[in-house]
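In what follows, a structure is listed as structure tokens, so that the remarks can point back to it.
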Amino acid sequence: MLKYRQLAKELIAEAEKREGIHAGIAAVEDVLGGPSYEAAATGTWRSDHSEGAVSWIPDGRCLLVLAMHHPKDEPVLDWFDRGNTEGNRRMAKISEALGSWLYTTHGVRAQPLPYHVERGGVFLKDAAVLAGLGVVGKNNLLLNPKWGPRVRLRSVLIEGRLPSSEPLENFDPCRRCPMPCRKACPESAFYRGRYSRPACIQRLEADREKPIDSGRKDAKGHPILVTEWCRRCEFECPAGEK
Ligand code: B12
């Protein structure tokens, strides 16, 4: 057990060597038993993501969960272009590097998981709560103690059972908060007192219809257009650094 505890510590430290990364570990069975797997999703979201599907490694029992700071002044991380966002691409690379590190230094196999649950990913907010990276706030987003909701999540499946990180206690940033996040929603997605997925989808579909000029040019000199997804419920949240 001591060996696994030490390995978990080293892995988290290795991940957090990277600026803007917080990491934790959650047990697969806890994540798969989380509220998102029980919730019935309403509204259809058509995704253009290009990440491929994966099959899980045998004996994959725990997840390294990563939260990457996504500050307001780095909008490019969320720009969707050619099948993914810059932030997702960056996190996929970090996940690959950590998987290789784990195998070469400790002989433990790891499998970086894709963004989509349907392609072999997991519900990442549940995973992040269970890995001690934050709590789910009134805006329905993971709130990290340092960066608030302005983080992007990712996970790496690991063989064996590393001990889970402790979920956070005494972190309750929404307590007594007047919830500017909810008032800021351009689609009033919280008007019934809880998050409405169909209303939120309406806004993101509108974003998709109106791509913005990224300021970059393609090989032929034409402007590269990107989708900038709405982040109002993130930006208005007073928790953490902007
Ligand atoms: C599909 C999807 C969407 C869809 C549908 C969203 C939805 N919530 O249904 C659309 C396109 C509308 C969308 C919108 C957005 N998304 Co989105 N989305 C996803 C995706 C792929 C799956 C989410 C999902 O379907 N959840 C299932 C539904 C049924 O549950 P839910 O509404 O999320 O609510 C559950 C949780 O809150 C959880 N929960 C609540 N309390 C607690 C307490 C505990 C203890 C636990 C364990 C769990 C838990 O239980 C709820 C269900 O009962 C995830 C990535 C992933 N693989 O997880 C990103 C993800 C959730 N999205 C993200 C973001 C940032 C956004 C947007 C801000 C848009 C943007 N700029 O990217 C908005 C914000 C919407 C909001 N306020 O919730 C981030 C969230 C980061 C964070 N800090 O939390 C994620 C993790 C992706 C990422 N790149 O990191 N998204």
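These values consider heavy atoms only, across backbone and side chains, with no hydrogens, waters or symmetry-generated copies. Atoms within a ligand are numbered from 1 in the order they appear, just like the ligands themselves.
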Using 4.0 Å as the upper bound for N to carboxylate O, is an ion pair formed by [Y] and [X]?
X	Y	value
Glu236	Lys183	no
Glu209	Arg203	no
Arg5	Glu10	no
Arg152	Glu234	yes

Taking Ile21 as the starting point, is it possible to reach Leu124 by hopping between hydrophobic residues whose side chains are less than 4.5 Å apart? no
Does Met68 belong to the same Ile/Leu/Val/Met/Phe/Trp/Tyr cluster as Val76, with side-chain heavy atoms less than 4.5 Å apart forming each link? no
For [atom], what's the nearest protein heavy-atom neighbour? Residue, atom name and distance, please.
atom	value
atom 32 (O) of ligand 1	Asn140 ND2, 3.0 Å
atom 47 (C) of ligand 1	Pro35 CD, 3.7 Å
atom 60 (C) of ligand 1	Tyr115 OH, 4.5 Å
atom 42 (C) of ligand 1	Val136 CG2, 3.7 Å
atom 24 (C) of ligand 1	Phe123 CE2, 3.5 Å
atom 69 (C) of ligand 1	Cys230 O, 3.6 Å
atom 15 (C) of ligand 1	Leu204 CD1, 4.1 Å
atom 30 (O) of ligand 1	Ser36 OG, 3.9 Å

Nearest candidate to [atom], where distance is taken over non-hydrogen atoms, out of [options]:
atom	options	value
atom 80 (C) of ligand 1	Leu66, Leu141, Val122	Leu141
atom 58 (O) of ligand 1	Leu153, Val135, Asn139, Leu124	Leu124
atom 1 (C) of ligand 1	Glu228, His116, Arg197	Arg197
atom 84 (O) of ligand 1	Leu113, Leu143, Leu142	Leu142

Between Ser214 and Ile224, what is the shortest heavy-atom contact and its length? OG-O, 2.7 Å
In ligand 1, which numbered atoms sit nearer than 4.0 Å to a non-hydrogen atom of [X]?
X	result
Val129	45 (C)
Trp229	70 (C), 71 (N)
Arg152	65 (C), 71 (N), 88 (C), 89 (N), 90 (O)
Arg231	71 (N)

Strictly by modelled atom types, are Ser36 and Asp126 linked by a side-chain donor-acceptor pair under 3.5 Å? yes
Checking Glu96 against Lys93 for the salt bridge (Lys or Arg N to Asp or Glu O under 4.0 Å) test, could you report, in this order, the C-alpha distance in whole Å, the side-chain angles of both residues, the deciding distance, and whether it holds? CA-CA 5 Å; Glu96 291 287 347; Lys93 269 197 191 147; over 6 Å; no
Backbone or side chain, does any N or O of Trp45 fall under 3.5 Å from an N or O of ligand 1? no
Location of contacts on Glu234 toward ligand 1, heavy atoms closer than 4.0 Å: side chain
Apply ring-ring contact (aromatic ring centres under 6.0 Å, His included) to the pair Trp147 and His70, showing each step before the final yes or no. CA-CA 8 Å; Trp147 299 310; His70 183 3; over 10 Å; no
Quick one: does Pro149 get within less than 4.0 Å of ligand 1, heavy atoms only? yes
Between the main-chain N or O of Gly148 and the side-chain N or O of Asn144, is there a donor-acceptor pair closer than 3.5 Å? no
Sub-4.0 Å protein heavy atom next to atom 11 (C) of ligand 1: yes
What verdict does the salt bridge (Lys or Arg N to Asp or Glu O under 4.0 Å) test give for Glu51 and Arg89, after you've listed the backbone C-alpha separation in whole Å, the side-chain angles of each residue and the deciding distance to 0.1 Å? CA-CA 10 Å; Glu51 288 181 39; Arg89 290 188 184 103; over 6 Å; no
